[in-house]
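Just so it is clear: chains get the letters A, B, ... in the order the sequence lines come, proteins before strands, and each one is counted from 1.
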Number of protein chains: 2
Amino acid sequence: MGLTKTEMFTDLQNEIALFAKVLGHPARVAILQHLFKIEGCICGDLVDEIGLAQPTISQHLKELKLLGLIKGNVEGTSVCYCIDKENWTNMKKVMLQFLDQDIDNKNCC
Amino acid sequence: MGLTKTEMFTDLQNEIALFAKVLGHPARVAILQHLFKIEGCICGDLVDEIGLAQPTISQHLKELKLLGLIKGNVEGTSVCYCIDKENWTNMKKVMLQFLDQDIDNKNCC
DNA sequence: AAACTTAATTGTAATATTGCAATGATTAAA
DNA sequence: TTTAATCATTGCAATATTACAATTAAGTTT
């Protein structure tokens, strides 16, 4: 089917999964790392930096923008992308809460 | 294509993406949450708990096991699944390092 | 305006993922 | 040994994702 049955899960479970999913591709990980590293925040050199075709990068940027993790600023013919700090922090909080669950000692294995 | 070009990324980028990907489905999030919550660690009631068909749950468990996040213990006719503490901690460390990057103030937007 | 640059969009092909019915494997219980 | 219970596997259909060539859109430069 390929269709996730989101209606049987809580909002939080779906939110965690959506965040994780968008981080679940190395190109998007690389894009985010580059946006973190770079001073100022450049744009189309992501294509050179990463090595995928321009439409592919554009598509990955779109998904990151859709989740709110980055935002883009049009500057002439080029577009300047950067991390959306507020949303990134929020996402981080959600993910940390999930990752940081305490592990019960009463595990059987 | 549907085929990720892993060869153009670093091992770390691919590792982060793989971990994120396996967390990128609400059923797997729910399974992990349940395994964290429950005392001892039960098994096939995951099917009742989550509400997907048994083969579907089994498949999600397989993926979680493949990444090492959980392990299963055969106990008679049933199988006891639980979090693999060591690997979970390692995964957490990798993800935290990625999520905790400092955001440069020199952002353009 | 014509030519150029940069990035988004569209269309398409290939592959992956999700979900489940049916079946199989394994062990316990009767 | 038959029956039941639990879970894995297989096979399949539907949908999603990834990647890119070709094109479009929008702004710059000449």
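- For B:Thr4, the side-chain hydrogen bond (donor to acceptor under 3.5 Å, both in side chains) partners two or more places apart in sequence, or in a different chain, are A:His25.
- For B:Lys92, the side-chain contact (heavy atoms from CB on, under 4.5 Å) partners two or more places apart in sequence, or in a different chain, are A:Leu99, A:Asp100, B:Trp88, B:Leu96.
- Between B:Tyr81 and D:dT6 there is no side-chain polar atom (N or O) within less than 4.0 angstrom of OP1 or OP2.
- Counting only residues at least two apart or on different chains, no salt bridge (Lys or Arg N to Asp or Glu O under 4.0 Å) pair has a member in residues 45-60 of chain B.
- Annotation: side-chain contact (heavy atoms from CB on, under 4.5 Å) contacts of A:Val94 (sequence neighbours excluded): A:Leu12, A:Glu15, A:Ile16, A:Phe19, A:Asn90.
- Within residues 11-30 of chain A, the residues that have a heavy atom under 4.0 Å from DNA chain D are, in order of number, A:Lys21, A:His25, A:Arg28.
- Scored by the side-chain contact (heavy atoms from CB on, under 4.5 Å) test, B:Glu63 finds B:Val22, B:Arg28, B:Gln59, B:His60 as partners (sequence neighbours excluded).
- The side-chain contact (heavy atoms from CB on, under 4.5 Å) check on B:Lys93 picks up nothing, with sequence neighbours excluded.
- Distance alone, capped at 3.5 Å, places no donor-acceptor pair between the B:Ser58 side chain and the B:Gln54 backbone.
- We find that CZ of B:Phe9 is positioned 11 Å from C1' of D:dA19, with the value rounded to whole Å.
- For B:Asn87, the side-chain hydrogen bond (donor to acceptor under 3.5 Å, both in side chains) partners two or more places apart in sequence, or in a different chain, are B:Asp84.
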Determine whether B:Leu52 and A:Met8 satisfy the following criterion, side chain to side chain contact (heavy atoms under 4.5 Å, CB included), listing intermediate values before the conclusion.
CA-CA 9 Å; B:Leu52 292 170; A:Met8 26 192 17; 3.3 Å; yes
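- For A:Thr10, the side-chain hydrogen bond (donor to acceptor under 3.5 Å, both in side chains) partners two or more places apart in sequence, or in a different chain, are A:Gln13.
- Remark: A:Leu52, A:Ala53, A:Pro55, A:Thr56, A:Gln59, A:His60, A:Glu63 in residues 45-72 of chain A come within less than 4.0 Å of DNA chain D through at least one heavy atom.
- Note: CG (A:Leu3) to C1' (D:dA16) measures 9 Å, nearest angstrom.
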Return the polar atom pairs (N/O with N/O) between nucleotides 25-30 of chain C and the protein under 3.5 Å, or none.
none

